[in-house]
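Here is the structure we will look at, set down as structure tokens.
Order of the sequence lines fixes the chain letters, A, B, ..., with proteins taken first and strands second; residue numbering starts at 1 for each chain. Note that the coordinates shown come from a computational prediction; the quantities given were computed from them, not determined experimentally.
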2 protein chains.
Amino acid sequence: MSQYTSPPILDEHTAAHVAELFRAFSDTSRVRIMSALVTGETNVSALAKIVGVSESAVSHHMRGLRQMRLVTARREGREVFYRVDDEHIIALFQQGVKHIQDE
Amino acid sequence: MSQYTSPPILDEHTAAHVAELFRAFSDTSRVRIMSALVTGETNVSALAKIVGVSESAVSHHMRGLRQMRLVTARREGREVFYRVDDEHIIALFQQGVKHIQDE
DNA sequence: TAAACATCTGAGCATATCTTCATAGGTTAA
DNA sequence: TTAACCTATGAAGATATGCTCAGATGTTTA
């Protein structure tokens, strides 16, 4: 006789990666940076002005987001433009925003 | 003549709430807890065994998740069963998991 | 009521995170 | 080349986070 068993929970390694992904959006400044990038490519100094933090802080955040491949960078002269390439990432972010705005 | 302006970025207050939501899933233990709850109602001691952390640690996590209304609690005798009621929250969580597993 | 069980809570500690400051690296214009 | 500009980096300090430990609270059973 067949028996039902619920799917095993996420293993430590996978769970750590999932947590890392969500952690990318777990900071107010990064959320605002993402909300800017979702509307289009933006460079560091513009992000700093828009979000209201130092260019250094933005740069630090961008390094993390870049390492996680959530954003890509493109150099144009002395400026560096960042963008969100992955539609799934955009959808994930927007879904989080929607949940807050719908409440 | 009409002019296009990109939508303003999220205000500080909204962004803080969005960050708070994502932060709920930004810890390995909480991700594993959520992955268990998604498969069905579970009590604290079971979660502790499954996830591999102390019951106290689970309880602390559940308080946070409860306060954010990401889970609901139901008492049955001396046990407390937790579940994820909100389908949108489940979808958000699963989408994050999917992004990791697809890579 | 007493004892056993399940969960919750606050304090304290170790670690992680975010920001700022100073400075370095890379690019363009004078 | 020098100066100005934009971005990146490392160190340091303040705050946040997650865990453990000890003990409290609530519930059932003997």
Side-chain angles (χ1 to χ4, degrees), chain A residues 9-10 12-13 15-37 41-83, chain B residues 9-10 12-13 15-37 41-83:
Chain A
I9 69 163
L10 294 181
E12 181 84 21
H13 182 256
H17 278 82
V18 173
E20 189 185 20
L21 170 62
F22 283 118
R23 189 156 51 240
F25 303 147
S26 73
D27 171 78
T28 303
S29 295
R30 280 196 300 278
V31 166
R32 299 184 87 202
I33 287 172
M34 288 298 296
S35 79
L37 292 183
E41 230 185 17
T42 317
N43 66 7
V44 174
S45 62
L47 285 171
K49 285 198 191 77
I50 294 172
V51 174
V53 300
S54 71
E55 298 176 351
S56 173
V58 170
S59 193
H60 278 296
H61 285 304
M62 299 325 286
R63 171 165 51 174
L65 295 173
R66 217 170 43 218
Q67 285 174 346
M68 293 189 63
R69 302 181 184 281
L70 299 180
V71 301
T72 58
R74 176 178 69 82
R75 174 148 232 147
E76 188 179 316
R78 38 194 165 196
E79 297 168 293
V80 174
F81 287 85
Y82 285 95
R83 61 178 298 170
Chain B
I9 69 164
L10 294 180
E12 182 84 20
H13 182 255
H17 279 81
V18 173
E20 189 185 21
L21 171 61
F22 283 118
R23 189 156 50 239
F25 303 148
S26 73
D27 171 77
T28 303
S29 295
R30 280 196 300 277
V31 166
R32 299 185 87 202
I33 286 172
M34 287 298 295
S35 80
L37 292 183
E41 230 184 19
T42 317
N43 67 7
V44 175
S45 62
L47 284 173
K49 285 196 191 78
I50 294 172
V51 174
V53 300
S54 72
E55 297 176 353
S56 173
V58 169
S59 193
H60 278 295
H61 285 304
M62 300 325 287
R63 171 165 50 173
L65 294 173
R66 217 170 44 218
Q67 284 174 346
M68 293 188 62
R69 303 180 185 282
L70 299 180
V71 301
T72 58
R74 177 178 68 83
R75 174 150 232 146
E76 187 179 316
R78 37 193 165 198
E79 296 168 294
V80 175
F81 287 84
Y82 286 96
R83 61 178 299 169

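Both A:Val53 and A:Glu76 sit near DNA chain C, but only A:Val53 has its closest nucleotide nearer the 5' end.
Taking atom CD of A:Glu41 as the reference point, atom P of D:dT7 lies 12 Å away to the nearest angstrom. A straight line from CD of A:Glu20 to C1' of D:dG18 spans 17 Å, rounded to a whole angstrom. Separating the CG atom of A:Leu65 from the C1' atom of D:dT7 is a distance of 15 Å, rounded to the nearest angstrom. The CD1 atom of A:Ile33 sits 13 Å away from the P atom of D:dT7 (whole-angstrom rounding). Rounded to an integer number of Å, the gap from CG of A:Leu47 to C1' of D:dC6 is 13 Å. To the nearest angstrom, P of D:dT17 lies 11 Å from CE of B:Met68.
Annotation: B:Arg74, atom CZ; neighbour count of heavy atoms from other residues, nucleotides and ligands within 6.0 Å is above 12.
When every heavy atom of A:Met68 is checked against every heavy atom of A:Glu20, the shortest pair comes out as CE-O, 3.4 Å.
At distances below 3.5 Å, not a single donor-acceptor pair connects side-chain atoms of B:Ser59 with backbone N or O atoms of B:Ser56.
Residues A:Tyr82 and A:Arg66 bring a donor and an acceptor atom of their side chains to less than 3.5 Å of each other.
Between A:Val31 and the options B:Val18, B:Ile9, B:Leu21, a side chain to side chain contact (heavy atoms under 4.5 Å, CB included) holds for only B:Val18.
Residues satisfying the ring-ring contact (aromatic ring centres under 6.0 Å, His included) criterion with A:Phe25, sequence neighbours excluded, are A:Phe93, B:Phe22.
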Given protein heavy atoms under 4.0 Å, the one-letter contact record of nucleotides 7-17 of chain C, with B base, S sugar-phosphate only and - none, is simply BBBB------S
